[in-house]
Amino acid sequence: MSSDTGTTAQADSSANDDADQTLISIRDLDAWYGDFQALHGLSLEIPKNKVTAFIGPSGCGKSTLLKWINRMNDLVPGATARGRLSLIHDDGETNLLHPGLDVVSMRRQIGIVFQKPNPFPKSIYDNVAFGPRLHMRTTKAELDELVEWALKKAAVWDEVKDRLHAPAMGLSGGQQQRLCIARAIAVGPEILLMDEPCSALDPGSTLAIEDLIFELRSQYTIVIVTHNMQQASRCSDKTAFFFEGKLVESGDTELIFTNPQEKRTDDYVRGRFG
Ligand SMILES: Nc1ncnc2c1ncn2[C@@H]1O[C@H](COP(=O)(O)OP(=O)(O)OP(=O)(O)O)[C@@H](O)[C@H]1O
């Protein structure tokens with residue numbers, strides 16, 4: 001039975017294949033904006049420590065699903081969802097749709113990086129220190145260490161280490177996006193959601209972010225929404241293809257791109273529509 005915060009003791013440790021451990025389990029998920037149904041009976045297992053790409057034509061519901069995973073849709077008037085959307089841990093399951101869920105603490109666990117880099121109008125240092133200052137008790141030395149660690153992890157340290165107290169807005173778009181990734185990981189999330197994180201970036205910065213995504217997956221579970229088929233095939237382990245609010249198919253990225261089961265998937269990944 002569910003507790004007031006949506007956590008239950010009996011974990012469903014369903015695995016999506018022998019090697020994969022499910023971290024986010026989605027079953028029969030429906031979602032609406034007012035009367036409009038945006039997601040129809042979605043079922044998908046998102047594996048731990050892998051990169052999962054959500055692909056599909058505009059309006060198929062990729063961002064809607066991403067925004068339910070960390071409840072960004074709570075901020076959208078009229079947005080509702082029904083079904084199962086759970087975090088699966090060895091010691092229990094957290095119902096991410098539970099009305100009593102502590103959304104603030106959940107968002108420490110499930111960070112999000114948006115399409116357009118959105119640094120705060122603060123210094124580089126203060127952007128990364130923002131979350132830790134809010135959630136953790138650290139000494140100045142510990143905070144310095146954490147900021148350096150996060151900037152290194154996000155592969156932007158070398159470019160900013162001599163100007164940590166300069167405004168973040170002065171960085172290039174690609175540097176700002178890596179700073180936003182550093183800000184997201186500074187609070188120690190388990191999952192990173194990325195909504196078209198490279199769509200506002202030049203090809204060089206895009207490659208830097210893709211390398212970073214690939215690198216980070218040993219420690220984080222990453223879900224990336226992308227319109228870029230090369231990007232999905234370059235940096236994801238798993239791919240889920242959506243069409244008109246439904247999941248058409250999901251599986252190993254290599255298989256989805258070389259031997260999909262559904263004709264619509266084949267047409268989409270070959271650029272025949274969308
Ligand atoms: N705030 C909202 N209010 C009403 N309808 C919405 C809202 N946000 C999205 N929708 C609708 O829900 C459907 C799914 O949108 P969503 O943004 O999830 O698609 P998407 O696959 O991420 O598209 P894109 O690739 O263009 O970002 C679309 O028909 C969209 O118009």
Side-chain angles (χ1 to χ4, degrees), residues 16-17 19-20 22 24-33 35-47 50-69 72-73 79 81 83 85 112-116 173-174 177 192-214 217 221-274:
N16 36 23
D17 69 35
D20 295 326
T22 296
I24 303 171
S25 178
I26 302 162
R27 301 252 175 94
D28 302 321
L29 182 71
D30 297 315
W32 293 264
Y33 294 103
D35 293 338
F36 172 72
Q37 186 165 1
L39 300 180
H40 300 260
L42 286 189
S43 293
L44 176 67
E45 308 289 302
I46 296 179
K50 296 270 159 74
V51 179
T52 298
F54 289 176
I55 62 167
S58 191
C60 68
K62 306 175 296 290
S63 301
T64 299
L65 178 56
L66 203 73
K67 287 185 203 148
W68 274 114
I69 296 175
M72 291 296 291
N73 273 333
L85 178 50
I112 189 159
V113 174
F114 295 99
Q115 190 166 357
K116 216 170 148 268
Q177 196 60 309
L192 277 178
L193 307 176
M194 299 185 164
D195 198 354
E196 299 184 53
C198 304
S199 64
L201 306 181
D202 61 75
S205 303
T206 296
L207 281 180
I209 301 276
E210 286 177 8
D211 286 348
L212 176 59
I213 290 170
F214 203 71
R217 84 197 205 293
T221 297
I222 297 177
V223 181
I224 176 172
V225 168
T226 181
H227 278 280
N228 180 330
M229 291 306 98
Q230 278 96 4
Q231 178 165 84
S233 64
R234 272 194 301 255
C235 72
S236 74
D237 304 287
K238 303 279 175 181
T239 294
F241 170 59
F242 299 87
F243 187 72
E244 294 181 346
K246 299 187 178 121
L247 178 72
V248 176
E249 69 177 294
S250 66
D252 287 344
T253 294
E254 205 186 325
L255 277 179
I256 296 287
F257 279 86
T258 56
N259 192 18
Q261 301 298 300
E262 299 285 333
K263 181 168 182 313
R264 267 179 307 179
T265 314
D266 196 40
D267 286 347
Y268 184 74
V269 299
R270 289 173 194 274
R272 294 198 188 109
F273 74 96

The residue among Asp20, Asp252, Asp237 that forms side-chain hydrogen bond (donor to acceptor under 3.5 Å, both in side chains) with Lys50 is Asp20

Contacts of Ser205 meeting side chain to side chain contact (heavy atoms under 4.5 Å, CB included) (sequence neighbours excluded), chain-then-number -> Leu201, Asp202

CZ (Arg217) and CG (Leu192) are apart, to the nearest 0.5 Å, by 14.0 Å

- prompt: Got more than 12 heavy atoms from elsewhere within 6.0 Å of CD, Glu254?
  reply: no

Value for SG (Cys198) from CD1 (Ile209), rounded to nearest 0.5 Å, stands at 5.5 Å

Those residues at least two apart in sequence (or on a different chain) that pass side chain to side chain donor-acceptor pair (under 3.5 Å) with Ser233 are none

Here the gap from Ile213 atom CD1 to Met194 atom CE, rounded to the nearest 0.5 Å, amounts to 4.5 Å

Contacts satisfying ring-ring contact (aromatic ring centres under 6.0 Å, His included) that involve residues 245-269 (not counting sequence neighbours) are Phe241-Tyr268, Tyr268-Phe273

By side chain to side chain donor-acceptor pair (under 3.5 Å), Asn73 pairs with (sequence neighbours left out) none

Sorted by chain and number, sequence neighbours left out, side chain to side chain contact (heavy atoms under 4.5 Å, CB included) with Gln37 holds for Asp30, Trp32, His40

Sorted by chain and residue number, the salt bridge (Lys or Arg N to Asp or Glu O under 4.0 Å) partners of Asp267 (sequence neighbours excluded) come out as Lys263, Arg272

Residues at least two apart in sequence or cross-chain that pass side chain to side chain donor-acceptor pair (under 3.5 Å) with Thr64, listed by chain then number, are Tyr33

Sorted by chain and number, sequence neighbours left out, salt bridge (Lys or Arg N to Asp or Glu O under 4.0 Å) with Arg264 holds for none

Residues passing the side chain to side chain contact (heavy atoms under 4.5 Å, CB included) test with Asp28, sequence neighbours excluded, are Ser43

Of all heavy-atom pairs linking Glu249 and Pro260, the shortest is OE2-CB, 3.5 Å

With sequence neighbours left out, the residues meeting side chain to side chain contact (heavy atoms under 4.5 Å, CB included) with Thr52 are Ile46, Pro47, Phe54, Lys238

ask   = Should Glu45 and Ser25 be marked as a side-chain contact (heavy atoms from CB on, under 4.5 Å) after you check the CA-CA gap, both sets of side-chain angles, and the distance that decides it?
value = CA-CA 5 Å; Glu45 308 289 302; Ser25 178; 3.2 Å; yes

Residues pairing under salt bridge (charged side-chain N to carboxylate O under 4.0 Å, His left out) where one sits in residues 51-61, two or more places apart or in two chains, turn out to be none

dist Leu85:CG -> Leu42:CG (nearest 0.5 Å) comes out at 10.0 Å

Val113 and Leu193: side-chain contact (heavy atoms from CB on, under 4.5 Å), yes or no, with the steps? CA-CA 6 Å; Val113 174; Leu193 307 176; over 6 Å; no

Note: Thr253 and Ala232 closest approach over all heavy atoms is CG2-O, 3.7 Å

d(Arg234 CZ, Thr206 OG1) to nearest 0.5 Å is 8.0 Å

Does Thr226 use its side chain to pair, donor to acceptor, with the backbone of Asn228 at less than 3.5 Å? yes

Those residues at least two apart in sequence (or on a different chain) that pass side chain to side chain donor-acceptor pair (under 3.5 Å) with Gln115 are Ser199

Next on the checklist: Tell me if a side-chain donor or acceptor on Gln177 pairs with a main-chain N or O of Lys116 at a distance below 3.5 Å.
Outcome noted: no

Here the gap from Leu29 atom CG to Leu247 atom CG, rounded to the nearest 0.5 Å, amounts to 11.0 Å

